Amino acid sequence: MSSPGTTPEIPAKIKVGIVDDDPLVRSALGLMLGGQADIEVVGEATDGQEALALVRTSAPDVVLMDIRMPRINGLEATRRLMTEPQKPRVIVLTTFGADEYVVDALGAGADGFLLKDTPPPEIVAAIRAVATGEPILSPKATRTLITRLRAEPTGERAAAAGRRLEALTEREHEVALAVGRGLSNAEIAKELYLSIPTVKAHVSRLFDKLGATNRVQIAITVHDAGLV
């Protein structure tokens, strides 16, 4: 399991945890992922509280997280997982595509947001992408995020984002702007004449300095500051 503060290469075997209160959904996901040579389902949980225990005992690289569950819901569980010493990457997988869920899930630290009617090959591809540190959003989630970013930031939010960015070095600021434009590590390296490992190191420092857990949150900060 890799910390969201890094951008790792894809592991040889991606360990996945499934969190959903519907046994049919857990079974369907387990069967779908069980046929993938590079993915291993290491455990299941029926609610957010069990998800915390699953992560601590089975150390999945990626967690597929439902939203509406008893005891602790998926959003709160994701927030709590982000405080764990070894944080998994989280893909929220839900039937609810409401705008507030998209923003709340990303704000909680999720690296992906997909609807449950997403075709199985796309879910598998999302798991592989998120395991490498690349955020994955369904088309609806992407539209929601773009709409939010295009909205005029409140003065308070813009000022707060600007203060966070002031703590960056000149190079870190350049990398943050590139992330805000949606560039990959390889694209940033080419544009700024850096090696990919150097870009990864800068992105890792951005997570720490901006209090972010994924690249989407870095992009939100840049957009809130009105820089992209």
Side-chain angles (χ1 to χ4, degrees), residues 1 4 14-36 39-55 58 60-84 87-149 151 212-217 219-220:
M1 182 166 55
I14 305 169
K15 296 185 293 183
V16 175
I18 300 173
V19 183
D20 199 296
D21 62 341
D22 188 334
L24 293 179
V25 171
R26 296 197 305 274
S27 177
L29 289 172
L31 288 173
M32 178 184 72
L33 298 178
Q36 307 300 317
I39 295 176
E40 176 188 5
V41 176
V42 295
E44 299 179 3
T46 64
D47 59 38
Q49 186 165 312
E50 290 183 6
L52 298 175
L54 168 63
V55 166
S58 300
D61 300 299
V62 178
V63 171
L64 298 180
M65 182 78 75
D66 190 21
I67 289 182
R68 291 189 177 179
M69 297 182 293
R71 297 199 292 181
I72 299 176
N73 65 39
L75 297 178
E76 178 59 26
T78 298
R79 291 188 188 95
R80 296 190 188 186
L81 288 179
M82 294 304 103
T83 67
E84 291 291 308
K87 310 174 187 67
R89 299 190 183 274
V90 175
I91 299 175
V92 169
L93 188 62
T94 180
T95 55
F96 304 99
D99 292 356
E100 65 269 20
Y101 285 136
V102 176
V103 175
D104 287 349
L106 297 174
D111 295 275
F113 189 102
L114 299 175
L115 298 181
K116 287 182 180 176
D117 61 2
T118 300
E122 293 182 22
I123 294 177
V124 173
I127 291 172
R128 291 173 178 146
V130 165
T132 70
E134 295 298 328
I136 293 293
L137 304 177
S138 69
K140 177 176 175 57
T142 300
R143 289 194 297 271
T144 296
L145 187 59
I146 290 173
T147 298
R148 185 231 161 149
L149 294 178
T213 58
N214 57 43
R215 296 169 76 96
V216 175
Q217 291 179 344
I220 289 174

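The residues of the chain are indexed from 1 along the displayed sequence. Computed from heavy atoms alone, side chains included, the values below leave out hydrogens, waters and symmetry copies. Treat the numbers as computed from the prediction; the structure is a model and nothing was measured.
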Please find the pair of heavy atoms, one from Gln49 and one from Asp47, that lie closest to each other, and give the distance. N-OD1, 3.0 Å
Side-chain heavy-atom pair Val25, Asp66 within 4.5 angstrom cut-off: no
d(Asp20 CG, Ser27 OG) to nearest 0.5 Å is 11.5 Å
Taking the side chain as C-beta and beyond, is there a heavy-atom pair between Gln36 and Ile127 under 4.5 Å? no
Separation of Ile18 CD1 from Ile91 CD1 (nearest 0.5 Å): 11.5 Å
Is any side-chain heavy atom of Ile136 less than 4.5 Å from a side-chain heavy atom of Glu122? no
Which heavy-atom pair separates Gly48 from Ala77 by the least distance, and what is that distance? CA-CB, 3.6 Å
Distance from Leu64 atom CG to Leu29 atom CG, nearest 0.5 Å? 6.0 Å
Under 4.5 Å between any side-chain heavy atoms of Val90 and Met82, yes or no? yes
Which atom of Leu114 lies closest to which atom of Ala126, heavy atoms considered: CD1-CB, 3.6 Å
Shortest non-hydrogen contact from Gly43 to Leu54? CA-CD1, 3.6 Å
Could you check if a side-chain atom of Thr46 sits within less than 4.5 angstrom of a side-chain atom of Arg26, using non-hydrogen atoms only? yes
Which heavy atom of Val42 sits nearest a heavy atom of Pro60, and at what distance? CG2-CB, 3.9 Å
Closest non-hydrogen atom pair between Asp21 and Pro23, with its separation: O-CD, 3.4 Å
Measuring from atom CE of Met65 to atom OG1 of Thr94, what distance do you get when rounded to the nearest 0.5 angstrom? 11.5 Å
Does this structure show an ion pair linking Glu76 with Arg79, if we count only N-O contacts that are shorter than 4.0 Å? yes
Hey, could you give me the CZ/CG distance between Arg71 and Leu52, rounded to the nearest 0.5 Å? 10.0 Å
Quick one: pull up OG1 in Thr118 and CG in Leu93 and give me the separation to the nearest 0.5 Å. 6.5 Å
